[in-house]
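Numbers restart at 1 for each chain; the letters A, B, ... are given by sequence-line order, proteins then strands.
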2 protein chains.
Amino acid sequence: MAEEISGRGDPLKSLHLLWGRASAGKRGPKSKVQLADLVQAAIAIADAEGIDAVSTRRVAEAVGISAMSFYTHIPDKSALIDLMIDAIAGGPEGAALPRFDPANWRDNITMVATAYRQFYLDHPWALQVGTHRPVLGPNTLRAYEAILSVVDGLGLDEVEMDMTVTLITNYVFGAVRDVARAASVKQQTGMSDDEWWYAIAPFLETIDWAPYPVASRVGPVVGELYGLGDPDRAFTFGLERMLDGIEAMIARKAALRA
Amino acid sequence: MAEEISGRGDPLKSLHLLWGRASAGKRGPKSKVQLADLVQAAIAIADAEGIDAVSTRRVAEAVGISAMSFYTHIPDKSALIDLMIDAIAGGPEGAALPRFDPANWRDNITMVATAYRQFYLDHPWALQVGTHRPVLGPNTLRAYEAILSVVDGLGLDEVEMDMTVTLITNYVFGAVRDVARAASVKQQTGMSDDEWWYAIAPFLETIDWAPYPVASRVGPVVGELYGLGDPDRAFTFGLERMLDGIEAMIARKAALRA
DNA sequence: AATTACCCTTTACACCGTACAATGTTATGC
DNA sequence: GCATAACATTGTACGGTGTAAAGGGTAATT
């Protein structure tokens, strides 16, 4: 299994585990470990060494059970991934959602987008998990509720709200990918960005740049100022453009109503 | 190797292969296969069955050489991934870049963004490849040149141009992820979205939706109209918002100059 | 003719996810 | 009290992965 894909196994089994509806097991011997132990161990491994290091064998060993005992608690690896995703979506602890004042919608979106970005920066391995089919766990749902709330009360209809949320999450996902991946690539290759550029620089000088006039003009300027680019600044820049675009839509709808 | 990461092995080896500077081998017997044969075979497998199905053994077998013979041509799997990415970045055939008229910049960006999206839709496995460190092959560079060109001549400085390109590519990447992933998930699970929803629907009715008021209001409306959502419409919607945001920036800069 | 450089191959290792069967443990029904 | 059903845990095994190591064959160079 090369790529981790959430929602791969029997969806119902994952859902039952996500919502704590596992049958619990009355008859046999007590479990040596809890479901949450396995999930936390897996997250710890992923945070420390990346998602690649998370194998069923390693997780089982980490909590002190044998490789196959893992499957007593979790039906397959994709269910483990689902549980990991929902667990980290919970954030540090189940804090109540703040009340968002629509009047400050720009600040609200900025706050939510930044938090969403931080989520991925804290657990960059989550980027590598395919989440087309949403992990419908309690924490994931709460995150969706939060981001929907910040576009509520702006005069948008339901479909526009959903598409605006999609716009925001899509942008954040794309924007965080580079910076988070940087860490994981370095982890796996043991080579920093600077070392990498230094290694390939001599070769780049042998390339004929004539077919790439704009790139050869822009590239050096950007590189000199920011190295590989300043992810924080690029994120803020893109977010501002997006907010301006959303503002134009809100203004247009308000004008229509007047 | 669970996740494919480009630029993992010796960067110089990949670069030499990308630019056709491989030593070619004068002394020994003729190669039974060409480098391009291996790359094309790997792409065919990935297009048909996803990146997971691409293993060095299968690629070697597909072109008629033994498993280890693969390593005569390509130093390791990450180099193969690099070559695959650059090969598909070339598009159908090396067509010359169109001249972009800055006056039609909205159309230009739309065209490039749509083409970039189509690139991922044609080869969804490319989404799963970590590309933090760019694959600096000729075709990839040409694609970067193209997208930089459409933000050239708009009155932006080099850094703004780069960040605008980043904004666009980030959005497209995020936007295409869902729809492309849908195909790959279905491929791996053999379950369509409808089947999936049908399977989990009974469970969803047992959930207490009170903590998720906005989601439970928006979700059904969106779902009824579009099922899991209309990716094409969502893409266009987000792109329009982004263009509006870029337009505001261009106007502001023009006003400053006046 | 000898050497050298190169392509191809077989074998092997350590890892992966997990199917299967066996063994041990506990709460329940009689 | 005891048989039984339900459960947890375990070792073994299979087919897959990337690739290191070593050896055999072939063709151009010396």
Residues in side chain to side chain donor-acceptor pair (under 3.5 Å) with B:Ser55, at least two apart? none

Which residue pairs satisfy the salt bridge (charged side-chain N to carboxylate O under 4.0 Å, His left out) criterion with at least one member in residues 113-126 of chain A, sequence neighbours excluded? A:Arg117-A:Asp232

Review item, nucleotides 27-30 of chain D N/O atoms under 3.5 Å of protein N/O:
unit_1	atom_1	unit_2	atom_2	d
D:dA28	O4'	B:Arg27	O	3.3

Any N/O pairs under 3.5 Å between the protein and nucleotides 14-16 of chain C? List them or say none.
unit_1	atom_1	unit_2	atom_2	d
C:dC16	OP1	A:Ser55	OG	2.8

Just wondering, do B:Asp86 and B:Val39 contact through their side chains at under 4.5 Å, heavy atoms? no

Apply side chain to side chain donor-acceptor pair (under 3.5 Å) to B:Arg58 and list each qualifying residue two or more places apart in sequence or on a separate chain. B:Glu49

Mind checking side chain to side chain contact (heavy atoms under 4.5 Å, CB included) for B:Thr72 and listing every partner two or more places apart, or none if nothing turns up? B:Ser69

Side chain to side chain contact (heavy atoms under 4.5 Å, CB included) with B:Phe203: which residues, sequence neighbours excluded? A:Leu12, A:Leu15, A:His16, A:Trp19, A:Arg21, B:Thr206, B:Ile207

For A:Pro211, what residues pass the side chain to side chain contact (heavy atoms under 4.5 Å, CB included) criterion, not counting sequence neighbours? A:Asp208

Rounded interatomic separation in angstrom, taking CG from B:Asp76 and P from D:dT19: 5 Å

What residues, two or more places apart in sequence or in another chain, satisfy ring pair (Phe, Tyr, Trp, His ring centres under 6.0 Å) together with B:Phe70? none

Those residues at least two apart in sequence (or on a different chain) that pass side chain to side chain contact (heavy atoms under 4.5 Å, CB included) with B:Thr114 are B:Thr110, B:Phe235

Does A:Lys32 make a side-chain N or O approach to OP1 or OP2 of D:dT10 shorter than 4.0 Å? yes

B:Tyr212: which residues meet the side chain to side chain donor-acceptor pair (under 3.5 Å) condition with it, sequence neighbours left out? none

Of residues 61-75 of chain B, the positions that come close to DNA chain D - non-hydrogen atoms, cut-off under 4.0 Å: B:Met68, B:Tyr71

